[in-house]
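Working notes for the structure below.
Below, chains carry the letters A, B, ... as their sequence lines are ordered, and counting in each starts from 1. Every value quoted in this text rests on a predicted model; they were computed, and no experiment measured them.
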2 protein chains.
Amino acid sequence: MTDRLLYLPLGGAGEIGMNCYVYGYGPAGKERYIVVDLGVTFPSMDGTPGVDLIFADVAWLEERKDRIDGIFITHAHEDHVGAVGHLWPRLDAPIYARAFTAHIARLKFEEHGHDELQIKTVAAWPEQVDVGPFTVGFLPVSHSIPESSALVIDTPAGRVIHTGDFKIDETPVVGEAFDRELWESVAKDGVKALVCDSTNVFNHHPGRSEAEVVEPLNELVASLDGLVAATTFASNIARVKTLAVAGSKSGRSVVLLGRAMRRMITAGIETGIISDFPKTVSPEHAGEIPHENLMLLTTGSQGEHRAATAQLSRGKYLGLKMTEGDTMIFSSKTIPGNETEVARILNNFSELGVDTISGRDDIHVSGHANRPDLTLMHEVVKPQTVIPMHGEHRHLREHARLAETNGFKAVVAPNGVAVDLSGNAPRIVEYVETGRTYLDGSIQIGALDGIVRDRMRMAQNGLVVATVIVEDDEPLGDCWCELRGLPETGLSRAPLVDVLEEDVNQFLMRAGRKTLSDDNKLEEELRRIIRKTTHSEVGKKPEVQIVISRLSN
Amino acid sequence: MTDRLLYLPLGGAGEIGMNCYVYGYGPAGKERYIVVDLGVTFPSMDGTPGVDLIFADVAWLEERKDRIDGIFITHAHEDHVGAVGHLWPRLDAPIYARAFTAHIARLKFEEHGHDELQIKTVAAWPEQVDVGPFTVGFLPVSHSIPESSALVIDTPAGRVIHTGDFKIDETPVVGEAFDRELWESVAKDGVKALVCDSTNVFNHHPGRSEAEVVEPLNELVASLDGLVAATTFASNIARVKTLAVAGSKSGRSVVLLGRAMRRMITAGIETGIISDFPKTVSPEHAGEIPHENLMLLTTGSQGEHRAATAQLSRGKYLGLKMTEGDTMIFSSKTIPGNETEVARILNNFSELGVDTISGRDDIHVSGHANRPDLTLMHEVVKPQTVIPMHGEHRHLREHARLAETNGFKAVVAPNGVAVDLSGNAPRIVEYVETGRTYLDGSIQIGALDGIVRDRMRMAQNGLVVATVIVEDDEPLGDCWCELRGLPETGLSRAPLVDVLEEDVNQFLMRAGRKTLSDDNKLEEELRRIIRKTTHSEVGKKPEVQIVISRLSN
């Protein structure tokens, strides 16, 4: 049987988030595997109430765990590294990453009590790691977190370049610039496939450099009186540094607020990525400094309810208060879906009299390659095939079109679609069942297990609990109903619970022994009555929980 | 006691939606009132699961219903007219509106079985209506629905102009252009207060006219092969007409899909607002027409799950299917908060191979005045005071600042803040309790009643129902637990329900008569045990419903 080279996304090709890609090499059904990224996506009250985290369903991989030779993490964003602590025990293969990413992954392993020796630090290209039939190198690329890397994946069938998240930035402020010559040298002997970030394919402007926000932020911060606070992703260490320097230059003491902010800057210092970060003061000391001499750098640019920014907007955080004359800067873009939360914070600040600056293009740049930069990447790598990843379906489709326009073969492979790259053209060879795993409290549950669906139904319909005691197939006493999440009084103006109990009791009095002796039948009838009565009283068909207790003499 | 002129927003000043403003005139505490607009805002799974509609809490008005002389509706958007059917019985005053708006209001009255004679059609300015101490006229203004009007409210204390929603559009395609001279003539003898739309205060560009999208849409539709569908707010009759004409010009038969689309165009024709709408064909006939000769105009531009656009994206609607080569145009802007739903639809279409065009500036214009247009409005009216309305807090605050920059007094008056306008400067004189009323099924409930909060808690935490039968202060048999929305198995690998029942039964065996005889105490203890055990098993503290049945011999 001939060997084949497989690409199989389990997460990240059909959404922006929870990245998880598999590469396989070997005879069909006996391939050895490597996994690229184990990321999370975030739940919402909207579709996943009560869920703590979401990651790709790795059941398919778990069934083949003896054939996994390694897990490679491209960079330390949560949607790429966030699930390592949760999923590693199910995959049980060594994890490879560069120093900064490995540092963050180890913090997660520490929280879970996993063996940190399973995380191996790899230097940048030209260093390579041999695992099974794969030889993998970390090729530096610019993004919005230090040490982001593409993976150069060599196999007997040829070389694949997996970009990870990237932008083309020659002046990234912190970390490595995009080195076009290096990339060309890596690609020059031919690349089977470029598996490529698609996030910003709909943006037609050339991408802007991280360095472009430095002066606007310096000027902005210098122009403001009062306390200045600024929020951005803590992992964007370049931006955090730019903001800190802007604060420092304007005579302000810098305060880091929020766990991620301290964690990331510490990681940056410990791994040697930043060496000249302005001196910071603790929140406790900040209370003694006049407002006009303070610069707060805060977590929560996406409106996260418990983050420092949101807490400041509600009044105070660690004793610090913002008031009239102070300014909150959002050096960020609101991710679609987070608009309502961010707006709530802007309104809270407005009520406090605090000025806010948000949505300004000159003080934020994206970490992803725009359309012209994607074209540049295609041309630098000149792959046999472009495979768009890291995008919703519409991004993948548009990116494939762009690649075709640029003269390359392209294939849209959403989660679960396995592509054989060993031939002259990519070939879809398999459809694998994929899905989402929810971390619900401390337990991993399947998105389709129905648990969250049941919760959403209670949220939409309310609940009636009805208890009936049956003794020797006769009702003993009256039925009791309890309501949750339903109006107390309906159209008849009588308490809904009374109306329900009366209807149920009337039914029980009339019910024959055949019904009363059959749990299923009795439950079905009671559910029907309760739903019907509730609907006619309050216009809702509730969820119903029937509890039948049987006594016998 | 001297008379005073009050402005009191109950809804719309603190959000964009559920508009409801009160004007009062008379001695303090004995004012006569008029109400301006009775609108709705829309619920979300996020914060108001299971709720059908949201409107302002009118309890304050209801207590004073004998002093309400009239209800005036500025235009027929749902956030201004949507609650008339629901709230009118509680206020019981005649409703005044222009013909198109009255038509829409009457349809709502019809659905509720209210007396349609209570809705009175008023012609445009210079016609005026005398109600109590007020004389009110409907001054035409351009917006994104026909016959939008500002209200000219004359009182013994002077004239107030309440803009309603507006933009400055001299070429609105359908309906009345903004007539600056008319407005100047109305304002020339002095205006006490301009109560003014704030929606687009953060947009620094001059507003664009509805006419500007005509040519781009003609060109776009003409350039496309295959079926073309386009979605926009059905109430934007000008846009619907522009789209229909673009379809017709490109040799396409026009099909209206969605109830609102048919209802609005019918209303436009019946009230004489549109006379030259292209001929339409029914969805049934459309099936026989080749795709390249079809133009569908669909509801659901905001991603509404059950609207025509969403249904088409999921496969078909009324037998019509879109496929590869067809195009869906969003002639709209996604309202913040709706991004996820709209993106879902774009991705569905992508999976079908249907091209989508969205987020393009040249094929959509806003219906609200941008910042420079607000300045123009201030200068046209030259009021004594500007009172920003129709905005979140940040919009109101920013608009007040703009007015002050423009040389006018301004006051930020969010919902519940009563402003006395009779003096030389506005004066905040009262804080009225306000809030939101939820239509939940067929019942109106208060936002703070805790009903929706209980539902959200079940959605976040899951539910355990535990039933205990106590006979003569002794447990009779074992406790039963039922789970909803919780994982079946926890860390111990035993079924959660078994672990819970065992813990509860052990407690019951040891419990003294004092605990068993006291419902509250027993319930409290059981709740504590269930929450503790569930937390240690699955990491969640559930909602708990305890049912204690007492039997006695």
Nearest non-hydrogen partners of B:Asp46 and A:Glu341, listed with the distance: OD2-OE2, 3.5 Å

Whether B:Arg397 side chain and A:Gly353 backbone form a donor-acceptor pair below 3.5 Å: yes

Minimum heavy-atom distance A:Ala459-B:Met45, with the two atoms named: CB-CE, 3.8 Å

Minimum heavy-atom distance between A:Ile469 and B:Leu551, given as atom pair plus value: CD1-CD2, 4.1 Å

Side-chain donor-acceptor contact under 3.5 Å, B:Gln460 with A:Arg455: no

Crowding at NE2, B:His205 (>12 non-hydrogen neighbours, <6.0 Å): no

Contact origin within B:Leu491 toward chain A - heavy atom pairs under 4.5 Å: both

Non-hydrogen side-chain atoms of A:Pro336 and B:Thr340 separated by less than 4.5 Å: no

Contact winner vs chain B - A:Pro49, A:Gly539, A:Gly441, A:Ser350, heavy-atom pairs under 4.5 Å: A:Ser350

Crowding at CD, B:Glu488 (>12 non-hydrogen neighbours, <6.0 Å): no

Heavy-atom pair with the smallest gap, counting every atom of B:Gly337 and A:Glu339: N-CB, 4.1 Å

Whether B:Asp454 side chain and A:Arg484 backbone form a donor-acceptor pair below 3.5 Å: no

Side-chain heavy atoms of A:Val465 within contact of B:Thr467, under 4.5 Å: no

N-O pairing of B:Arg394 and A:Asp355 below 4.0 Å: no

Between B:Glu537, B:Lys540, B:Glu392, the one whose heavy-atom pairs under 4.5 Å with chain A are most numerous: B:Lys540

Per-residue contact mode, A:Arg401 against chain B (heavy atom under 4.5 angstrom): side chain

Spacing of B:Ile548 atom CD1 and A:Trp480 atom CH2 [to the nearest 0.5 Å]: 7.5 Å

Interchain contact, B:Val468 with chain A, by part (heavy-atom threshold 4.5 Å): neither

Heavy-atom closest contact (B:Ile451 atom, A:Pro487 atom, distance): CD1-CA, 3.6 Å

Pick from A:Asn338, A:Val538, A:Leu346, A:Thr356 with the largest number of heavy-atom pairs that fall under 4.5 Å of chain B: A:Val538

Max heavy-atom pair count under 4.5 Å with chain A, selected residue of B:Ala343, B:Gly477, B:Gly490: B:Ala343

Whether over 12 other heavy atoms sit under 6.0 Å from A:Leu448 CG: no

Worked check of side-chain contact (heavy atoms from CB on, under 4.5 Å) between B:Val547 and A:Val547: CA-CA 9 Å; B:Val547 183; A:Val547 183; 5.9 Å; no

Contact leader toward chain A among B:Pro414, B:Gly485, B:Gly450, B:Ser44, where contacts are heavy-atom pairs under 4.5 Å: B:Gly485

CG on B:Asn348 to NE2 on A:His393, rounded to 0.5 Å: 10.0 Å

Best-contacting candidate, A:Leu486, A:Asp52, A:Asp440, A:Ile445, against chain B by heavy atom pairs under 4.5 angstrom: A:Asp440

